[in-house]
Amino acid sequence: MSIKDKLTSFLQSFGAKRPEEEEINVEQELGAEEPLEVPINMAEEALLELPRDHSMYRLYERRRTESGMLPKPRICLDEEEELPLDMVKKERNRLRSVLNSACTARWKEARGNEGRRRKKGEEEEEEKPPVLDALPLYFLSADKLYAWVIIFPPTGGGKEISREMLYWTMKEQGILYGVDTRLADHLHREDRRYFTLYLIARGKPAFDGKNGNIVDYFPRVIERILEIDEYDQVDYTALNMIRNVKEGQEICRLILPTEGEPGRTVLDQEIPAKSGKAVSLPQGRNTEISEDGITLVASIDGHVEFNGRSFQVKPVLDIQGNVDYSTGDINFLGDVNIQGDVLSGFEVRAMGNIHVGGVIEAGSIVEAGGDLVVVKGILGDGSTVVRSQKCIFTKYIENATIYVKENLQTDCIVNGSVYCDGEIVVRSGRGSIIGGSTWAAKAINARVVGSMSECKTMVSMGGLPCTSFERDMTTQEIEELEQELEKLENQLDSPVRESLLSKTRMKLSVAELKRKQLEAEMSNTKVPPGEKDSARMECGIAYAGTEIRFGEEMVRLRHDSRQCIAKMIHGEIVVM
């Protein structure tokens with residue numbers, strides 16, 4: 001049943017409408033220029049303003065005529081500004097609609113046949129106004145969590161509002177929970193008991209439970225940030241990305257989800273609540289869950305790493321000194337931490353990160369499945385090869401071949417052959433690229449490129465540097481295998497010759513297949529239109545003799561260029 005229907009059940013109809021010419025002019029009675037009294041601390045969004053000709057003001061004026069002094073109407077959903085603002089805005093429009101219907105119905109009932117005359121025997125008598133008791137009107141929010149009341153005064157000598165009447169009508173409306181009993185007990189004695197909106201009942205909102213969470217004791221992402229001191233030097237010793245953990249040490253902890261707390265409407269109806277969702281510990285290799293199921297701990301000593309889905313502990317090979325004859329070549333499945341140097345002629349390969357506290361000497365081969373940090377630098381002789389599947393950080397690079405899948409940061413590159421699928425940054429220290437060939441897919445940022453002596457220095461941007469490097473290395477391997485195969489075929493028949501021929505032919509077949517795959521990858525890779533010309537070179541000065549390449553396009557600088565920026569624009573290399 002609607003509020004209007006419930007109102008009608010309380011009221012009685014007494015006949016026709018009063019003639020139009022006898023309508024009360026509310027604007028004249030109240031005064032058009034007189035504003036409504038609005039408390040200055042009341043939110044504008046909570047205040048409902050009604051037009052001067054509204055039925056409420058007609059009822060108000062009649063009550064004032066009958067009883068004398070009467071406070072003016074005040075319709076405010078949230079006088080103390082405690083309710084949610086978005087809810088107040090939404091309920092204000094609903095309240096306006098309810099008041100329009102309810103006040104119109106009450107005004108018609110209060111007028112009855114007022115002003116009309118009826119015959120009583122031989123005489124005519126004027127129709128008396130109907131007797132109506134005070135009427136509480138209840139307004140419930142859409143979610144039934146709040147209930148307001150506004151009381152219409154009695155007319156024609158009807159009963160004033162009383163405590164019993166208020167409780168009886170609330171029970172009839174079903175408002176049984178969260179009633180403000182203090183207000184209900186004293187409202188009938190208030191000066192503003194009529195034509196004022198009060199919050200009479202407040203329900204209990206439901207609170208959903210909190211989801212489970214994971215508290216990490218090790219970072220999931222290792223920041224590769226190099227800090228430059230006041231002398232423009234980088235401390236590569238501080239860039240140790242190996243996070244050591246002991247067996248049994250906590251890696252992360254589980255926070256269990258909480259249960260939801262049901263709510264209750266003012267109609268004493270339960271509001272269901274959702275419980276929080278559980279999460280599982282990100283258990284990976286070499287980790288285990290504690291007996292209480294709350295903590296993830298390391299099952300071995302090693303290096304903690306997050307692979308995107310779980311924490312895993314990689315074993316760490318810690319070498320106190322140099323990689324030399326005392327250690328031999330190193331091939332390790334985890335991380336390698338070398339406190340000394342990698343001496344000439346030795347090889348270090350690791351599936352994880354490699355940290356070298358000293359230098360990588362000439363003739364060495366170092367390959368890292370993760371990041372590579374070389375604190376003192378890479379000093380090669382043309383045969384030194386260094387590879388990393390992620391990033392390389394090193395003090396300097398000299399006469400070495402470098403292969404890096406992500407980014408490279410160093411202080412200086414001298415006569416190097418560098419292939420980088422990301423960005424090359426040479427800004428700290430000397431910040432120079434001198435001689436050799438440096439190729440980056442995305443960008444090269446240096447202080448100095450080339451030299452005053454016009455040493456041949458080639459920088460290339462764009463394309464697939466690492467794939468091209470792999471193809472060149474595979475082509476070189478094929479040539480060496482073909483030469484070896486030719487020598488074996490010219491030897492006399494023997495069991496050893498046949499065994500070597502079989503192995504060499506197998507290696508040659510594998511190398512040729514690998515080269516075909518690399519060439520197919522290079523031909524099938526399409527650069528997105530937005531990234532095709534996005535590669536660029538920036539440097540403080542590029543000396544004459546520097547060659548700049550973008551794919552098949554090449555320019556050779558004939559003069560020094562300061563604050564140089566080179567990029568591809570509409571298929572041409574532009575040096576600014």
Margin query: Side chains of S275 and E259 only: does a donor on one sit below 3.5 Å from an acceptor on the other?
Written below: yes
Please check if the number of heavy atoms outside [X] that lie under 6.0 Å from its [atom1] is greater than 12.
X	atom1	value
M554	CE	yes
E489	CD	yes
K395	NZ	yes
M87	CE	yes
M576	CE	yes
L333	CG	no

Quick check: does any side chain N or O of [X] sit under 3.5 Å from a backbone N or O of [Y], one acting as donor and the other as acceptor?
X	Y	value
E477	L481	no
R536	A566	no
N211	K277	yes
S364	E347	no
D560	A544	yes
S97	R94	no
R447	V426	no
N322	D341	yes
D421	C466	yes
N286	Q312	no

Rounded distance (nearest 0.5 Å) linking atom [atom1] of [X] with atom [atom2] of [Y]:
X	Y	atom1	atom2	answer
S523	E521	OG	CD	9.0 Å
L296	I214	CG	CD1	8.5 Å
R96	E49	CZ	CD	8.5 Å
Q389	N353	CD	CG	12.0 Å
E305	S310	CD	OG	10.0 Å
C391	Q409	SG	CD	9.5 Å

For residues [X] and [Y], determine if any side-chain heavy atom of one lies less than 4.5 Å from a side-chain heavy atom of the other.
X	Y	result
R243	P219	yes
I573	M568	yes
V356	V348	no
D318	Q320	yes
Y146	P84	yes

Pair [X] + [Y]: basic N to acidic O under 4.0 Å:
X	Y	answer
D371	K390	no
E423	K442	no
K516	E519	no

Using every non-hydrogen atom in the two residues, find where [X] and [Y] come nearest and quote the distance to one decimal.
X	Y	result
G545	R556	O-NH1, 3.5 Å
R430	I434	NH2-CD1, 3.9 Å
V448	G450	CG1-O, 3.7 Å
F311	F218	CZ-O, 3.8 Å
P315	F332	O-CE2, 3.2 Å
P465	G463	CD-O, 3.4 Å

Next item on the list: Apply side chain to side chain donor-acceptor pair (under 3.5 Å) to S428 and list each qualifying residue two or more places apart in sequence or on a separate chain.
Entry: D411
Margin query: If the condition is side chain to side chain donor-acceptor pair (under 3.5 Å), which residues does T504 pass it with, not counting sequence neighbours?
Written below: none
Margin query: Is there a side chain to side chain contact (heavy atoms under 4.5 Å, CB included) between T401 and F469? Walk through the geometry before answering.
Written below: CA-CA 10 Å; T401 299; F469 169 75; 3.3 Å; yes
Check: Which residue, H355, K314, H303, forms the side chain to side chain donor-acceptor pair (under 3.5 Å) with D335?
Finding: H303
Notebook entry, point to check: In this structure, which one of R515, R387, Q517 forms a side chain to side chain donor-acceptor pair (under 3.5 Å) with E470?
Noted result: R387
Note to self: Can you tell me which residue among I397, L379, V374 is in a side chain to side chain contact (heavy atoms under 4.5 Å, CB included) with I360?
What the structure shows: V374
Note to self: Which label fits F346 and Y325: parallel for a plane angle under 30°, tilted from 30 to 60°, or perpendicular past 60°?
What the structure shows: perpendicular
Next item on the list: Before giving the answer on side chain to side chain contact (heavy atoms under 4.5 Å, CB included), spell out for E247 and I300 the whole-Å C-alpha distance, their side-chain angles and the decisive distance to 0.1 Å.
Entry: CA-CA 4 Å; E247 181 181 355; I300 63 170; 5.6 Å; no
Next item on the list: Take D329 and R349, measure what side chain to side chain contact (heavy atoms under 4.5 Å, CB included) needs, and give me the verdict at the end.
Entry: CA-CA 8 Å; D329 293 340; R349 290 181 172 87; over 6 Å; no
